[in-house]
Amino acid sequence: MISDEIAKIKSEIPHYVKLIAVSKTKPNEMIQQAYNGGHLIFGENRPLELKQKHEELPRDIEWHFIGHPQSKQVKYFSEFVSLIHGVDSIKLMQVINKEGIKHNRKIPCLLQFHIAQETTKFGLVYSEAQQILESKEFSELKNIEIAGVMGMATYTDNNNQIASEFRLLRSIYEQLKQTYFTNNEYFKELSMGMSDDYNIAIDEGSTMIRVGSKIFGYRNYNQ
Ligand SMILES: *Cc1c(COP(=O)(O)O)cnc(C)c1O
């Protein structure tokens, strides 16, 4: 069933959109099922859980950290993570950079922007991103790679609102690309869209969708 759902989603989205199967809180058996069906890209948002799953599951899985890691927890996944989606401060970037140096790699990150109306969601506004990208501190970070932007829309059934928030994220992406990453081949990802809104996100230019409950069923956070 898990593989069927993944296959169905993949068949309905454009080929250039990457599907990240969000497996947070779900057991290894479910991830293994998806893997056996040919899906190799998974997202987690708890550092220790990610570390453990990476150790227990097949080595060729591409792991994404989709949340907002605490500084002291970056070390749990910095050696193997493919992309960190939720970066929104220079302090966190410095921690990730240090980990990159330790493991002799450049760690790809997305800048998370605040596009929703809810005040609880993390993220930068444009002027804060400008400040970071123009800072001396940022210019010294050689072991992180800014690969694009990420954002989450408001939880609402108002599709127009969701679309306009994704449109905002896309315009932020375009503006950053033009201003700071013109000839940078790595800055190309627009991570937006979850189970309930990924179709809208794709219409607005998403290149990566993060889909959890639609694939694995509802989550029980108390487990
Ligand atoms: C949990 C989570 C998702 C997946 O959410 P679903 O609604 O279950 O698809 C996507 N992105 C982030 C950042 C998440 O924390």
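The first residue of the sequence shown is numbered 1, and numbering continues consecutively from there. One-based numbering, in listed order, for ligands and for the atoms of each.
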Within the 4.0 Å heavy-atom shell around Val211, which atoms of ligand 1 are there? 9 (O)
Which bit of His85 is near ligand 1, meaning a heavy atom under 4.0 Å away: side chain, backbone, both or neither? neither
Let me check something: any side-chain donor-acceptor pairs from residues 9-17 under 3.5 Å, sequence neighbours excluded? List them with distances.
unit_1: Lys10; atom_1: NZ; unit_2: His39; atom_2: ND1; d: 2.8
unit_1: Ser11; atom_1: OG; unit_2: Lys8; atom_2: O; d: 2.8
unit_1: Glu12; atom_1: OE2; unit_2: Lys8; atom_2: NZ; d: 3.4

So, Glu128 side chain and Val125 main chain: donor-acceptor pair closer than 3.5 Å or not? yes
Quick one: sort the Phe187 and Phe181 rings into parallel, tilted or perpendicular, breaks at 30° and 60°. parallel
One finds that the ligand 1 atoms under 4.0 Å from a non-hydrogen atom of Arg210 are 4 (C), 9 (O), 10 (C), 11 (N), 12 (C), 13 (C)
Where ligand 1 meets Met150 - atom numbers and elements under 4.0 angstrom, heavy-atom basis: 13 (C)
Give a yes-or-no answer on whether the side chains of Lys214 and Tyr198 include a donor-acceptor pair shorter than 3.5 Å. yes
Is Gln112 touching ligand 1 with its side chain, its backbone, both, or neither, if touching means heavy atoms under 4.0 Å apart? neither
Against heavy atoms of Gly212, which atoms of ligand 1 measure under 4.0 Å? 4 (C), 6 (P), 8 (O), 9 (O)
With a 6.0 Å cut-off (strictly less than), is the heavy-atom count around NZ of Lys98, excluding the residue itself, greater than 12? no
May I ask whether Lys214 has any heavy atom positioned less than 4.0 angstrom from an atom of ligand 1? no
